[in-house]
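Quick notes on the structure that follows.
Remember, it's a predicted structure, so these values are computed and weren't measured experimentally.
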Amino acid sequence: MKTLFSPLKLRDNTLHNKIIVSPMCQYSAKDGFASDWHLVHYGQFAIGKAAAIVQEATAVTPEGRITYADLGIWSDEHIVKLKQITEFIKSQATVPGIQLAHAGRKASCDKPWINRAQIAPNNENGWQTIAPSAIAFNEAENLPIAMDTAEIKRIIDAFRQGAERAVKAGYEIIELHGAHGYLLHQFLSPLTNLRTDEYGGTFENRIRLVLEVIEAVKSVLTTQSLWLRISATDWADGGWTLEESIELAKIVYDKGVELIDVSTGGLVRHQQIKVEVNYQVPFAEAIKQQSNILVGTVGLIKTGQQAEDILKANQADCILLGREFLRDPHFVMRAANELGVSLAWANQYERGKETL
C-alpha cells in the first residue's frame, strides 16, 4: 500500500487517503450565502475521491470577509445551503471541512479578477477594517481600527458561533485560519501586533487570541476534528518565526487541536519568499519532528509521486493541494494511476478508467 493511499486516523474519524483539498476562495457568494457554484465546485472533488475537503475561508462576521463575495457563517440562514453541500460530500465518502476566518486588516477588498484593491469604507462594497494595531497592509489603504478588548471578545464569540453553525451544517473538520496575514496571524506576528496590553508584546501574549479562539470553538465541538492553519514564517526580518510555530504547535496540541496545516507568508508586502518545489515542506517537517501534532503540508505539490515521497520521508502526515485540484478536480484518480494503486471510482465514472 502506498503511504499516500493509506488511511489517516483522526480521533473520531478516518480519512480514506491522505490527499485533502486545501481551502481556496471562490469569491462567488452574495451576502455570505453559498450557491450552486459552491455545491458543484466542492462536489466534483468528492466525486474524485479526495479524502477530505476544507471549504474556503468562511467569514465569522461580515467585516471579516476578504471581499464582499466571500462565504459567511455569521447567520443561521447560511446553514441551509452549506448543509446541502456537506451532505453531498459525505454521500461520496469524503469528509467535509470548513475554514473559519476573519481577514482583519486585509478585508474589504475587490474580487481578485477585478483588481484585488481594498475598497474604502465609504464606497459601495467596502467597510471599516479592524486589526490588532492600526497598521495598513498597504500604505495607500485605509487604516484599520485597533481592536479594544470588547471587540476582541466579540470576535472570539463570533468564532464560537461560527463553529456552532458549522457543526449544525454537518462539517466534520473545523479549521481556524491563522495564516496568510489574516486576523489571527496579525495577532501572532510582532510586525503587525504592536499592542502593549495582554494581547501584545511577548510570545505568550501574542498567541493569547489564538488560544482563546481555540478554547471557545472547542467548547461547541463533539466529534469534529479541530485544525489550525498557520504561516510558519513571515519571510521577513523581525516577524513570526519557525521556532515560534513549533512552540505554538506544542501548545495548541495540548488544547485539543488535532492537525496543524502548515503554510507560510502573506503577512507583509516586503516578504522575501524563495518559491521552489517543496519550498514549504521543511517547515512542516520541523514542526512534525518537534511536536506530537498531526501535520499537513502545502505548496507546489503537483504529482502523486511527489506527495508520496514527502510522506515516505516522514515530512508530513497528509498533503493538502489547492491549485492542482483546480487544474484537475480528479487529481486523486490520476495520482492513484501514477502510483499503481487500484482505486474504486464512482460507479458513474468507472467506464472512464480505461482511458488512463
Side-chain angles (χ1 to χ4, degrees), residues 7-15 18 20-23 50-61 64 71 73-74 79 82-83 85-86 89-90 94-102 155-180 182-185 187-188 207-232 244-263 284 287-288 291-298 316-320:
L8 179 65
K9 182 69 176 72
L10 302 175
R11 291 190 192 104
D12 294 292
N13 211 332
T14 299
L15 308 189
K18 295 184 172 73
I20 298 167
V21 180
S22 193
I53 299 166
V54 184
Q55 180 178 294
E56 65 199 81
T58 304
V60 296
T61 69
L71 283 181
I73 197 162
W74 63 80
I79 294 173
L82 296 178
K83 190 171 180 63
I85 293 169
T86 64
I89 290 172
K90 286 189 277 192
T94 294
V95 175
I98 186 172
Q99 186 184 69
L100 301 181
H102 193 296
I155 294 301
I156 292 169
D157 193 57
F159 271 97
R160 182 192 62 78
Q161 291 185 52
E164 198 168 29
R165 294 185 183 104
V167 170
K168 291 177 181 177
Y171 293 96
E172 297 175 11
I173 294 168
I174 310 296
E175 178 173 277
L176 304 176
H177 199 348
H180 301 161
Y182 299 119
L183 185 66
L184 298 184
H185 186 187
F187 271 85
L188 292 175
I207 69 171
R208 189 181 305 277
L209 177 60
V210 170
L211 298 187
E212 290 181 349
V213 168
I214 289 170
E215 181 181 13
V217 167
K218 187 70 177 171
S219 72
V220 300
L221 304 186
T222 53
T223 60
Q224 294 75 26
S225 183
L226 182 57
W227 296 11
L228 173 66
R229 171 166 270 197
I230 65 166
S231 286
E244 289 176 310
S245 293
I246 293 168
E247 187 61 28
L248 178 64
K250 296 175 183 176
I251 294 169
V252 300
Y253 175 75
D254 290 337
K255 299 291 185 182
V257 174
E258 191 165 11
L259 183 144
I260 196 156
D261 176 0
V262 182
S263 188
I287 293 171
K288 178 171 172 55
S291 70
N292 293 320
I293 201 165
L294 291 173
V295 173
T297 191
V298 301
D317 296 291
C318 61
I319 306 294
L320 291 99

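Scanning all heavy atoms of the two residues, the minimum distance from Leu221 to Val217 falls at CG-O, 3.3 Å. For Val220 against Glu164, the heavy-atom pair with the smallest separation is CG2-N, 3.8 Å. Residue Ala52 comes nearest to Ile173 through the heavy atom pair CB-CD1, 3.9 Å, listed as atom of the first residue, atom of the second, then distance. The two residues Ala316 and Thr297 have their closest heavy-atom pair at CB-CG2, 3.7 Å. When all heavy atoms are compared, the tightest approach of Ala59 to Gly64 is CB-C, 3.8 Å. The two atoms that bring Glu175 and Gln99 nearest to each other are OE2-NE2, 2.8 Å, heavy atoms only.
Judged purely by atom type and a 3.5 angstrom limit, Glu258 uses its side chain to pair as donor or acceptor with the backbone of Arg11. When atom types are taken as modelled, the side chain of Thr86 and the backbone of Ala169 share a donor-acceptor pair closer than 3.5 angstrom. Remark: side-chain polar atoms of Thr14 are not paired, donor with acceptor, to backbone N or O of Lys9 under 3.5 angstrom. With hydrogens and angles disregarded, no donor-acceptor distance shorter than 3.5 Å links the side chain of Lys90 to the backbone of Glu172.
A 4.5 Å side-chain heavy-atom check between Leu294 and Cys318 finds every atom pair outside the cut-off. Two residues are said to be in side-chain contact when any heavy atoms from C-beta on lie closer than 4.5 Å; Asp261 and Leu259 meet this criterion. Between Leu226 and Leu176 there is a side-chain heavy-atom pair separated by less than 4.5 Å. Here the side chains of Lys250 and Glu247 are in contact, with some heavy-atom distance below 4.5 Å. Side-chain contact between Phe187 and Val213 is absent, with no heavy-atom pair separated by less than 4.5 Å. Between Val95 and Leu10 there is no side-chain heavy-atom pair separated by less than 4.5 Å. Using a 4.5 Å heavy-atom threshold, the side chains of Lys83 and Ile85 count as separate.
The NE2 atom of His180 sits 2.5 Å away from the OG atom of Ser263 when rounded to the nearest 0.5 Å. Here the CZ atom belonging to Arg160 is positioned 11.5 Å from the CD1 atom belonging to Ile156, to the nearest 0.5 angstrom. Once rounded to the nearest 0.5 Å, the distance linking CD1 of Ile207 with CD1 of Ile251 reads 4.0 Å. To the nearest 0.5 Å, the span separating CZ on Phe159 from CD on Glu212 amounts to 12.5 Å. We find the NE2-NE2 distance between His185 and His177 to be 10.0 Å, quoted to the nearest 0.5 Å. Atom-to-atom distance recorded for Leu100:CG and Gln161:CD is 12.0 Å, nearest 0.5 angstrom.
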Is there a side-chain contact (heavy atoms from CB on, under 4.5 Å) between Leu228 and Val210? Walk through the geometry before answering. CA-CA 9 Å; Leu228 173 66; Val210 170; 4.3 Å; yes

Trace of the side-chain contact (heavy atoms from CB on, under 4.5 Å) decision for Ile98 with Leu71: CA-CA 11 Å; Ile98 186 172; Leu71 283 181; over 6 Å; no

Derivation of the side-chain hydrogen bond (donor to acceptor under 3.5 Å, both in side chains) call for Glu56 and Thr58: CA-CA 6 Å; Glu56 65 199 81; Thr58 304; over 6 Å; no

For the pair Thr223 and Asn13, evaluate side-chain contact (heavy atoms from CB on, under 4.5 Å) and give the outcome as yes or no after the intermediate values. CA-CA 8 Å; Thr223 60; Asn13 211 332; over 6 Å; no

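Of the residues Val262, Ile20, Leu320, Ile319, the one that meets the side chain to side chain contact (heavy atoms under 4.5 Å, CB included) test with Val298 is Leu320.
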